[in-house]
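Note that the structure is predicted; figures quoted are calculated from it, not measured.
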Amino acid sequence: MPFSFSPAAFWPVVMLVCSNVFMTFAWYGHLKFRGASLLVVVMISWGIAFFEYCLAVPANRIGAAVYSTAQLKTIQEVITLTVFTGFSVFWLKESLTFNHLIGFALIAAGAAFIFRA
């Protein structure tokens, strides 16, 4: 399916970026607060994840007009790695190593095959 700059092609990507920010905080944000009880962390994470779903579900519904489900999932995974990389460096203060970059590049290269005609 050829790429176009229609709203159905653009907005799902924007919405998936935003949803992944919420999901990354829901899944990993609590690691900065290891003293918090697990029950509290789970409840807060569920609350954050609600907003992720409010963006991801419509993004996939809108995007299905332009992308295949394999393409939508691939877009989401590449966005997830990108958001997670920034999150781990800036929020969790973890180092990004050369091995991480190579691994992410290999995943991105594999993702590129999904969009080949």
Side-chain angles (χ1 to χ4, degrees):
M1 197 174 279
F3 182 79
S4 74
F5 287 102
S6 70
F10 175 75
W11 286 111
V13 174
V14 172
M15 293 169 74
L16 287 172
V17 168
C18 294
S19 75
N20 267 277
V21 170
F22 281 110
M23 204 66 212
T24 301
F25 271 96
W27 285 2
Y28 302 104
H30 61 88
L31 295 176
K32 202 168 181 177
F33 308 100
R34 295 182 188 257
S37 79
L38 187 56
L39 180 60
V40 168
V41 167
V42 168
M43 299 308 280
I44 291 171
S45 292
W46 278 353
I48 295 169
F50 169 78
F51 296 102
E52 185 269 342
Y53 277 85
C54 287
L55 291 165
V57 171
N60 287 311
R61 177 69 63 101
I62 295 165
V66 176
Y67 303 109
S68 70
T69 54
Q71 288 173 327
L72 283 167
K73 183 60 178 173
T74 302
I75 291 166
Q76 187 268 332
E77 292 300 334
V78 170
I79 290 169
T80 296
L81 282 175
T82 304
V83 168
F84 179 78
T85 299
F87 176 86
S88 65
V89 169
F90 296 111
W91 180 257
L92 296 177
K93 306 295 185 210
E94 294 182 352
S95 299
L96 188 61
T97 68
F98 185 68
N99 287 347
H100 293 131
L101 294 174
I102 294 294
F104 292 163
L106 290 171
I107 291 169
F113 281 98
I114 298 296
F115 289 91
R116 284 182 48 108

For the NZ atom of Lys73 and the OG1 atom of Thr80, what is their distance to the nearest 0.5 Å?
7.0 Å
Locate the shortest heavy-atom distance separating Ser45 from His30; write the atom from each residue and the value.
OG-CD2, 4.2 Å
Shortest non-hydrogen contact between Pro12 and Ala59, atoms and distance:
CB-O, 3.3 Å
Count I, L, V, M, F, W, Y as connected when their side-chain heavy atoms are under 4.5 Å apart, and connections chain through other members. Are Leu72 and Val78 then in the same cluster?
no
Should Leu39 and Trp46 be regarded as members of a common hydrophobic cluster, given that ILVMFWY residues are connected when their side-chain heavy atoms come within less than 4.5 Å of each other, either directly or indirectly?
yes
Ile62 vs Tyr67, test: side-chain contact (heavy atoms from CB on, under 4.5 Å). Steps then yes/no.
CA-CA 9 Å; Ile62 295 165; Tyr67 303 109; over 6 Å; no
Membership question, hydrophobic clusters at under 4.5 Å side-chain separation (ILVMFWY): are Val17 and Leu81 in the same one?
no
Ring center gap for Phe22 and Tyr53 short of 6.0 angstrom
no
With a 4.5 Å cut-off on side-chain heavy-atom distances among I, L, V, M, F, W and Y, is there a chain of contacts connecting Val57 to Phe50?
no
In Å and rounded to the nearest 0.5 Å, what is the CH2 to CD distance from Trp27 to Glu52?
7.5 Å
So, taking the atom named CZ in Phe87 and the one named CG in Asn20, what distance separates them when rounded to the nearest 0.5 Å?
12.0 Å
When rounded to the nearest 0.5 Å, the distance separating CZ of Phe84 from CG of Leu92 is 7.0 Å
Step-by-step side-chain contact (heavy atoms from CB on, under 4.5 Å) determination, Phe25 to Ile44:
CA-CA 10 Å; Phe25 271 96; Ile44 291 171; over 6 Å; no
From CG (Leu16) to CG (Asn60), nearest 0.5 Å:
5.5 Å
Hey, quick one: are Leu55 and Ile48 part of the same hydrophobic cluster, counting side-chain heavy atoms closer than 4.5 Å, chains of contacts allowed?
yes
For Ala49 against Ala26, the heavy-atom pair lying closest together
N-CB, 4.0 Å
Any side-chain heavy-atom pair of Phe104 and Thr85 under 4.5 Å
yes
Counting only N and O atoms by type, is there a donor-acceptor contact under 3.5 Å from the side chain of Thr24 to the main-chain atoms of Val21?
no
Give a yes or no on whether the ring-centroid distance for Trp91 and Tyr28 is below 6.0 angstrom.
no
So, the side chain of Glu77 versus the backbone of Thr74: is there a donor-acceptor pair under 3.5 Å, distance only?
no
Rounded distance [0.5 Å steps], CD1 in Ile79 versus CE in Met15:
11.5 Å
